[in-house]
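Could you have a look at this structure, given as structure tokens, before my questions?
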Amino acid sequence: MAELRAAYAEPQDLETPPRSLILREDPFRAFVAMPIYSGKHQLFITKVGAVVPQALSQHPSVHALVVVFSAHTGAPLAILDGMAITNLKCAAVSALVTDICAHEQAEVLAIIGSGVQAREQLRGVGAVRKLGEVRVYSRNPNNVREFIRRNEALAGGARWVACNSADEAVAPADIVSTTTTSTAPVVSSAALRRERLHINCMGAHTPRSRELPVDVLETSRLIVEDVEMAVAEAGEVHRHATPLARLVHLDASELREVRTAFCSTGHAFLDLLASMHVLERSGLRAELTRTE
């Protein structure tokens, strides 16, 4: 997380074209290509992926690959598992935003959803707040039980509560993470209308389909990775949101007293940073530096 904060706090030599997105409704499917060039890191990467809800397929909902090139030599460096990169960056960015926005005594986390992204929310939030209780809701109670069984060790001794509705899950929560593929709001406005609440909205949202009610977005302090991309893909309600590059310079004490919502549409810079992290850990980046 410290690496991520430092990266957003420093000036960047980036070129990030609008990502190519194909959306199909009824049923919902999405296909995306996200390129980015970094002069500072001398890397060019592109993530390509497909989102098809599990109800339409026996496969996982999301598939992705990240292709990494040296911007100095043009040589391909790696083809990375796009979901592993996505999971790494989602946990890291959620940790960053939660650490800045959630009040310091926040200890109750509500998770709506029970898939891989739900696990990454538990991992990210748990890295920056000592959790006393984790409340989980999913449409399938069996999935909730299995999620708790598989991820109990990640909660650091917190008490688990399997809930019968999304509103029940979020009622006493300090931090809420929505992690579904739902095209309609998964929790009511009334359940989210309080101050000192931080929300991580990580599921699919477009101007026509959202996990959070629009009025909650309109009355919360919104955080996004990039304003123009959020507006283009998730609607004008994000026009006055705070981008991550500005968030890291703000006074956290003020943010922690209001309701904040991180509406993640994804951004290639996060994929680049996660890819850099993997390359450095694997030694590939060091090898590139020696050969250049």
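These numbers come from a predicted model, not from an experiment.
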Legend entry - Residue pair Ala234 / Thr265: nearest heavy atoms and the distance that separates them: CB-CG2, 4.0 Å
Legend entry - Minimal non-hydrogen separation, Arg19 against Ala33, with atom names: CB-O, 3.1 Å
Legend entry - Other residues, nucleotides, ligands: >12 heavy atoms within 6.0 Å of Arg150 CZ: no
Inset, instruction - Could you verify whether a donor N or O on one side chain and an acceptor N or O on the other, from Lys47 and Thr86, lie under 3.5 Å apart? - result: yes
Legend entry - Separation between NE2 of His277 and CG of Leu273, rounded to the nearest 0.5 Å: 11.0 Å
Legend entry - Closest approach of Val66 to Ser275 (non-hydrogen atoms, all atoms of both residues): CG1-OG, 3.6 Å
Legend entry - Salt-bridge present (Asp271, Lys89; N to O < 4.0 Å): yes
Legend entry - Nearest-0.5 Å distance that lies between atom CZ in Arg246 and atom CD1 in Ile223: 9.0 Å
Legend entry - Short side-chain donor-acceptor distance under 3.5 Å, Ser114 and Glu146: no
Inset, instruction - Please examine the side chains of Leu77 and Phe69, heavy atoms only from C-beta on, and report whether any two atoms are closer than 4.5 Å. - result: no
Inset, instruction - Please check if the side chain of Arg256 supplies one atom and the backbone of Ile100 the other of a donor-acceptor pair under 3.5 Å. - result: yes
Legend entry - Asp167 side chain to Ser188 side chain, donor-acceptor N/O pair below 3.5 angstrom: yes
Legend entry - Ionic contact status for Lys130 with Glu107, cut-off 4.0 Å: no
Inset, instruction - Nearest 0.5 Å please: distance from the CD atom of Glu225 over to the OG atom of Ser264. - result: 3.5 Å
Inset, instruction - Could you tell me whether a side-chain N or O of Thr180 sits under 3.5 Å from a main-chain N or O of Ser182, the two making a donor and an acceptor? - result: yes
Legend entry - Check ion pair Glu3-Arg5 (N to O, under 4.0 angstrom): no
Inset, instruction - Check whether the side chains of Asp215 and Ser189 place a donor and an acceptor atom closer than 3.5 Å, and report yes or no. - result: yes
Legend entry - Considering all heavy atoms, the nearest Val51-Phe28 contact: CG1-CE2, 4.2 Å
Inset, instruction - Give a yes or no on this: more than 12 heavy atoms of other residues, nucleotides or ligands lie within 6.0 Å of atom CZ of Arg194. - result: yes
Inset, instruction - Flag yes if more than 12 heavy atoms outside His240 fall under 6.0 Å of its NE2 atom; otherwise flag no. - result: no
Legend entry - Atom of Ala118, atom of Gly113 and distance for their closest heavy-atom approach: CB-O, 3.6 Å
Inset, instruction - Among Val108, Asp99, Leu109, find the residue that satisfies the side chain to side chain contact (heavy atoms under 4.5 Å, CB included) test when tested with Arg129. - result: Asp99
Inset, instruction - Taking the side chain as every heavy atom from C-beta outward, state whether Cys201 and Phe262 have any pair of such atoms under 4.5 Å apart. - result: no
Legend entry - Between Thr260 and Arg221: side-chain donor-acceptor atoms closer than 3.5 Å: no
Legend entry - Main-chain N/O of Asp251 paired to Glu254 side chain as donor or acceptor, under 3.5 Å: no
Legend entry - Polar contact flag, side-chain donor to acceptor under 3.5 angstrom, Thr179-Gln121: no
Inset, instruction - Looking only at non-hydrogen atoms, find the nearest pair between Val186 and Ala166 and report the distance. - result: O-CB, 3.0 Å
Legend entry - Donor-acceptor pair between Thr178 and Glu211 side chains, under 3.5 angstrom: yes
